[in-house]
Engineer: 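My structure is below; once you've seen it, I'll send some questions.
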Amino acid sequence: MTDIQQRLQQILTTLPQGVRLVAVSKFHPEKQLMEAYEAGQRIFGESHEQELARKVKSLPSDIEWHFIGHLQTNKVKYIAPFISMIEAVDSLKLLREIEKQAAKADRVVRVLLELHIAEEATKYGLTLDACRQLLANGEWRQMEHIHICGLMMMASNIDDEAQIAQEFQTAADFFREVKQQYFADDDAFCERSWGMSDDYLIAISHDTTMVRIGTAIFGPRVY
Ligand SMILES: *Cc1c(COP(=O)(O)O)cnc(C)c1O
C-alpha cells in the first residue's frame, strides 16, 4: 500500500456508517488520484473547472466528480455535461445557469446549497436568511434539470473546537428546518456536506453525511 492508500484507509475506518468520503484532489496530479482510485475511492472533489476537465479526460469514467469550489456562472457550461454534484451553490443566479446548462446537456445535476455560517468575511455562501429567501422564492421548484440534495458548509478556520462544533450544529439544525419545510417528501434531500481534514472528526458528531478531505489523504497542496 502507498502512503496515500494507507491514509485513505485510516480515515475510512473513522467514518461512521452513512458518512461518505469526498477525496479532495484539487492541485494533486492524476497519478495520486489513481492511487486513491485503486484503493476503491470513487468520489473526488475539485474546485477549478480547467483542472477538472483535464482530469476527467484521463481518469476512469466511473469516478463521481463533485465541484466543491466557488463556481462562476460563466464556467458552468464547461462542467454541466459530466459533473455529478455541484456542492457550493450560493445564489439564485448560479442555480438558474446550472438549470440552463444542465438542460442543454439533457441531464439532471445534483446540487447543494452552500451556507455561510463561519465568522470569516471571505467565505462564500448564503446566510441562513438568504437561504430561507431563496427557498421561499420557489423558482427552484420549476427547475427540472437540477435536484437540490442538501446543504454544504465550511466551518471557521480556527483552533477553537467548541466554536467549530457550534457552527456544524447550526448547520445541522438549519438542515432540519428546511427539510421539514420544503423537502419532507423528497428522500433525495438528505446530504449534509461538512467536515474537512482538520475538523471532520468534529463534523461526524454533527450530522454530516459527506466529509470533504484533501490534505489528510494527499498531503499538502503545491499551488
Ligand atoms: C480544499 C477544500 C477542502 C479540503 O480541505 P483539506 O483541508 O485539504 O481537507 C474541503 N472543502 C472545500 C470547499 C475545499 O475548497
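All ligand and atom numbering here is 1-based and tracks the order in the structure.
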Engineer: Can you sort out the partners of Asp129 under side-chain contact (heavy atoms from CB on, under 4.5 Å), two or more places apart, ordered by chain and number?
Structural biologist: Thr127, Arg132
Engineer: Using a 4.0 Å cut-off on heavy atoms, what residues surround ligand 1? Order them by chain and number.
Structural biologist: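 Ligand 1 is contacted, at a heavy-atom distance under 4.0 Å, by Val24, Lys26, Ile68, Met152, Met154, Met196, Ser197, Arg212, Ile213, Gly214, Thr215, Arg221.
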Engineer: How close do Glu46 and Ser25 get, counting heavy atoms only, and between which atoms?
Structural biologist: OE2-OG, 2.6 Å
Engineer: Will you find, in the side chains of Glu167 and Gln163, an N or O donor that is under 3.5 Å from an N or O acceptor?
Structural biologist: yes
Engineer: Looking only at side-chain N and O atoms, does Asp90 offer a donor or acceptor that is under 3.5 Å from a partner on His116?
Structural biologist: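 Checked: His116/Asp90 side chains show no N/O donor-acceptor pair below 3.5 Å.
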Engineer: Which pairs count as salt bridge (Lys or Arg N to Asp or Glu O under 4.0 Å) when at least one residue sits in residues 135-157, sequence neighbours excluded?
Structural biologist: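 For residues 135-157: Arg96-Glu139.
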Engineer: Going by atom type alone, with no hydrogens or angles, which donor-acceptor pairs under 3.5 Å involve a side-chain atom of residues 213-223 and a protein atom two or more places apart or on another chain?
Structural biologist:
unit_1: Arg221; atom_1: NE; unit_2: Tyr223; atom_2: OH; d: 2.8

